[in-house]
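Structure first, commentary second.
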Amino acid sequence: MIISMGEMLNRAKKEGYGVAAPNVFNRETIEASFLAARKLKAPVILDVASVHGIYECADLARFYAARYPEVPAAVNLDHGGPYEDIMKAIHAGFSSVMIDRSTLTYEENVREVKEIVKAAHAVGVSVEAELGHVGQGDEYEQTRDQGLTKLSEAQSYVKETGIDCLAVAVGTSHGVYKGTPHLEFELLSTLSKEIAIPLVLHGGSGTGDENLAKAVKTGIQKVNLNTDLSEAGKNALRKALADSAPKKDTKATGEFAPKKMNMQQTIVAGAEGFQKVLEHYMQLFDSQNRW
Ligand SMILES: [Zn+2]
């Protein structure tokens, strides 16, 4: 069943666990996310970037939501940019949109997000927005400190915009870290206590199990995961290809060549690698057996 991300995360905040939000982009990653959630009785948030096809992913999510109705899933636009993309996601049936205006000034950020909140809430779609700025891993050491979320700004931001969940910058980064991730748990703990709505952590990949488990315990309800799942899928795919390739001239030795996998089987093996790591994170965030 596709449900509101706001409601899903309010429940997670009340019960003290985190929800995994894999970046999905095709049939295999969307089905793998449903299968992981079904196996663990965990909620899941499908994060879709507009570049991966808003209408295509919405249709696929609806298809698997009908096939696995017991799975509570939210479909969220990840890092929504142009206004048109955000309206497209709402039109396509997403249950949530994330608006990223974190590089604008505070005032411009509030003005643009507020406008979208009004439209999204009118049709029952929840909104995630970012204050402070989660940067890229390759410039982690240089940009980490300047982007951190400030409590007083966050409090007025939530009040002024009317958003349902807040993406905070507490020391994580997108992609692969250049340097060692160092999280501001004290800041996170304060934000979690002083801000009533659920908090979101972008850049979960490469942050480390210990850091992520502690972040969830300290007050994060949604963890975005892209690179780690993508790498796991790629490695499984690579292994499947290597396993199915003949290793030597089998004709000359009379040995049997390894069984060749066809394209479909290879892609399924990749999706299984993605699913396995996603299940690991769902358990790490203590979201199993919650529904
Ligand atoms: Zn992000």
Side-chain angles (χ1 to χ4, degrees), residues 1-13 15 17-26 29-38 40 42-52 54 57-58 60-61 64-65 71-80 89 94-100 102 125-130 134 163-170 172-175 197-207 209 211-213 215-216 219-233 274-288 290-291:
M1 188 178 37
I2 294 176
I3 63 173
S4 151
M5 187 172 98
E7 274 172 41
M8 181 192 277
L9 294 179
N10 280 331
R11 180 163 157 180
K13 186 168 175 116
E15 295 180 17
Y17 61 91
V19 181
N23 266 104
V24 296
F25 53 88
N26 67 351
T29 51
I30 290 174
E31 185 171 28
S33 302
F34 272 90
L35 289 174
R38 184 176 71 146
L40 296 174
V44 67
I45 296 163
L46 307 175
D47 259 352
V48 178
S50 59
V51 67
H52 295 132
I54 289 172
C57 289
L60 286 164
Y64 286 107
V71 172
V75 186
N76 179 48
L77 179 69
D78 191 26
H79 288 280
F94 280 40
S95 62
S96 179
V97 287
M98 188 254 174
I99 313 156
D100 184 356
S102 63
V125 170
S126 57
V127 178
E128 171 192 342
E130 179 170 326
V134 179
I163 54 169
D164 303 274
C165 23
L166 177 69
V168 290
V170 290
T172 56
S173 180
H174 291 108
I197 61 171
L199 301 181
V200 179
L201 190 71
H202 281 242
S205 293
T207 304
D209 282 2
N211 276 334
L212 290 183
V216 166
I220 287 291
Q221 283 78 43
K222 173 187 179 224
V223 181
N224 286 18
L225 299 161
N226 182 20
T227 308
D228 280 359
L229 302 179
S230 170
E231 285 300 305
F274 175 103
Q275 186 185 330
K276 211 169 142 196
V277 174
L278 177 57
E279 286 174 15
H280 163 76
Y281 279 124
M282 285 173 163
Q283 285 169 313
L284 185 73
F285 307 154
D286 201 14
S287 65
Q288 76 278 21
R290 295 289 184 175
W291 293 72

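Just so you know, these numbers come straight off a predicted model, no measurement behind them.
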F34 and Y64 aromatic ring geometry - parallel, tilted or perpendicular at 30°/60° bounds: tilted
Candidate pair Y281 and S287, rule side chain to side chain contact (heavy atoms under 4.5 Å, CB included), full reasoning: CA-CA 9 Å; Y281 279 124; S287 65; over 6 Å; no
Exercise: do H280 and D209 side chains pair donor with acceptor under 3.5 Å: yes
Any donor-acceptor N/O pair, S96 side chain to S126 backbone, under 3.5 Å: yes
D228 side-chain N/O to G206 backbone N/O, donor-acceptor pair under 3.5 Å: yes
Name of the residue among N76, D164, I163 meeting side chain to side chain contact (heavy atoms under 4.5 Å, CB included) with E128: N76
Atom of A32, atom of L278 and distance for their closest heavy-atom approach: O-CD2, 4.5 Å
Considering all heavy atoms, the nearest A20-L225 contact: CB-CD1, 4.1 Å
CD (E231) with more than 12 external heavy atoms under 6.0 Å: yes
Within-4.5 Å side-chain heavy-atom neighbours: M282 and V44: yes
Donor-acceptor contact present, side-chain T29 to main-chain F25, <3.5 Å: yes
Which atom of V24 lies closest to which atom of H52, heavy atoms considered: O-ND1, 4.3 Å
Close side-chain approach of I30 to C57, heavy-atom, < 4.5 Å: yes
Side-chain donor-acceptor contact under 3.5 Å, E279 with Q283: no
Nearest non-hydrogen partners of S50 and L77, listed with the distance: N-CD1, 4.0 Å
Beyond-backbone contact of L284 with V223, side-chain heavy atoms, under 4.5 angstrom: no
Smallest separation among heavy atoms of F94 and V75, with atom names: CB-O, 3.6 Å
Side-chain heavy atoms of R11 within contact of W291, under 4.5 Å: yes
Note, K222 side chain near P198 side chain (heavy atom, < 4.5 Å): no
Point-to-point distance, once rounded to the nearest 0.5 Å, from CD1 of I2 to CG of L46: 7.5 Å
Residue among V168, D78, V170 satisfying side chain to side chain contact (heavy atoms under 4.5 Å, CB included) with H202: D78
Side-chain donor or acceptor of T172 paired with backbone N/O of G204 under 3.5 Å: no
Given D47, N23, D100, N224, the one that forms side chain to side chain donor-acceptor pair (under 3.5 Å) with H79: D100
For P22 against S33, the heavy-atom pair lying closest together: CG-OG, 3.6 Å
Approximate separation, where rounding is to 0.5 Å, of Q275 CD and L229 CG: 11.0 Å
Evaluation steps, side chain to side chain contact (heavy atoms under 4.5 Å, CB included), between Q221 and M8: CA-CA 9 Å; Q221 283 78 43; M8 181 192 277; over 6 Å; no
L9 side, atom CG; I197 side, atom CD1 - distance, nearest 0.5 Å: 10.0 Å
Any side-chain heavy-atom pair of M5 and C165 under 4.5 Å: yes
Heavy-atom side-chain proximity of P43 to Y17 below 4.5 angstrom: yes
Side-chain heavy-atom pair N10, K13 within 4.5 angstrom cut-off: no
